[in-house]
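Read the structure below first, then the notes.
If you read the sequence from its start, that first residue is 1, and numbering goes on from there.
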Amino acid sequence: MRKLMLTSLLILAACSARLELSLSPDTPVSVRDSTSVHEIQPGTPDHQALQNWISRNQTGWSKHYATPPSGGILVSDGNIALRFFGNGVLVHRDGQLWGKSVQESEYNFLRKAPGRLHGDVYHSAVPRSGPA
């Protein structure tokens, strides 16, 4: 599935577009993955790192027609929602789904261990369904 997603992103790369993306400057950013949920507060180094990533990645977006993956890291602040997965990222903009190829190292700062403090916000573990 990952290879299919990456392949579809690469095929569409020739038809890339510029998207005007930005974070709300005074709004915490929610970060969710399969095991944890945490917030990045405005003014923190991680908030600035995310804003810098968004500023550097305004171009190279392509329309994405495949079903979005359910996993990965979902980042949202009410203004923008990004889903990072493997070597790709998706965003909804203007009623359409857009994708872009990225390196996992570009968004590793979003990964936080559950139960660790980040700024003033506690990382809470998300319960998993099924037998323990």
Side-chain angles (χ1 to χ4, degrees):
M1 180 65 146
R2 249 186 182 172
K3 287 183 182 182
L4 176 63
M5 299 289 288
L6 182 58
T7 302
S8 65
L9 287 173
L10 292 175
I11 290 171
L12 295 174
C15 306
S16 66
R18 177 179 177 81
L19 298 180
E20 296 295 326
L21 305 173
S22 64
L23 292 175
S24 299
D26 300 323
T27 304
V29 176
S30 172
V31 180
R32 297 174 176 267
D33 64 21
S34 62
T35 61
S36 68
V37 177
H38 68 274
E39 285 186 340
I40 297 175
Q41 297 298 313
T44 62
D46 283 349
H47 195 273
Q48 186 60 49
L50 181 57
Q51 183 59 54
N52 290 343
W53 185 91
I54 290 170
S55 295
R56 287 189 312 269
N57 286 279
Q58 302 284 312
T59 59
W61 294 92
S62 301
K63 288 183 182 177
H64 185 81
Y65 299 101
T67 302
S70 58
I73 300 173
L74 178 62
V75 176
S76 63
D77 74 348
N79 179 46
I80 187 173
L82 299 163
R83 182 175 302 274
F84 293 91
F85 59 96
N87 289 332
V89 60
L90 297 173
V91 64
H92 282 275
R93 183 56 96 211
D94 302 325
Q96 298 192 12
L97 187 61
W98 297 84
K100 178 179 173 105
S101 293
V102 297
Q103 297 297 313
E104 286 187 65
S105 59
E106 293 180 49
Y107 63 88
N108 272 339
F109 69 94
L110 296 170
R111 300 180 196 275
K112 300 293 179 192
R116 296 178 83 192
L117 289 177
H118 173 72
D120 297 323
V121 180
Y122 183 76
H123 296 222
S124 60
V126 176
R128 293 179 180 242
S129 59

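Under the 4.5 Å side-chain criterion, counting only non-hydrogen atoms from C-beta, Val89 is in contact with Trp53.
Note on Ile73: it clusters hydrophobically with Val102, by side-chain heavy-atom contacts below 4.5 Å among ILVMFWY residues. A single hydrophobic cluster is not seen to contain both Ile54 and Leu74; linkage of ILVMFWY side chains at heavy-atom distances under 4.5 Å, directly or through other members, places them apart.
Heavy-atom minimum distance, Asn87 versus Glu104: OD1-N, 3.8 Å. Considering all non-hydrogen atoms of both residues, His47 and Gln41 come closest at CB-O, 3.3 Å. The two residues Gln96 and Trp98 make their nearest non-hydrogen contact at O-CD1, 3.4 Å. Closest non-hydrogen pair, Ser62 versus Ser16, comes out as OG-CA, 3.9 Å. Residues Leu90 and Pro68 share a closest heavy-atom pair of CD1-CB, 3.7 Å.
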Test log, rule side-chain contact (heavy atoms from CB on, under 4.5 Å), inputs Leu50 and Val31 = CA-CA 11 Å; Leu50 181 57; Val31 180; over 6 Å; no
### Task
Give the intermediate values and the outcome of side-chain contact (heavy atoms from CB on, under 4.5 Å) for residues Asp33 and Phe84.
CA-CA 10 Å; Asp33 64 21; Phe84 293 91; over 6 Å; no
- Item | Test side-chain contact (heavy atoms from CB on, under 4.5 Å) applied to Leu82 and Tyr107, step by step | CA-CA 11 Å; Leu82 299 163; Tyr107 63 88; over 6 Å; no
Check: residues 17-28 side-chain donor-acceptor pairs under 3.5 Å, at least two apart:
from	atom 1	to	atom 2	distance (Å)
Arg18	NE	Glu20	OE2	3.0

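Inspection of the Asn108 and Ser105 side chains reveals no N or O donor paired with an N or O acceptor under 3.5 Å.
Listed by chain and residue number, nothing satisfies the side chain to side chain donor-acceptor pair (under 3.5 Å) test with Gln58 (two or more places apart in sequence, or in another chain).
Between Arg93 atom CZ and Lys63 atom NZ the span is 14.5 Å, to the nearest 0.5 Å. Between Thr59 atom OG1 and Asn57 atom CG the span is 7.0 Å, to the nearest 0.5 Å. Interatomic distance, CG of Asp77 versus CD1 of Ile40, reported as 10.5 Å (0.5 Å rounding). Rounding to the nearest 0.5 Å gives a distance of 11.0 Å between NE2 of His38 and CZ of Arg111.
Side chain of Arg83 to main chain of Gly88: no donor-acceptor pair is present (N/O by atom type, distance under 3.5 Å, no hydrogens or angles).
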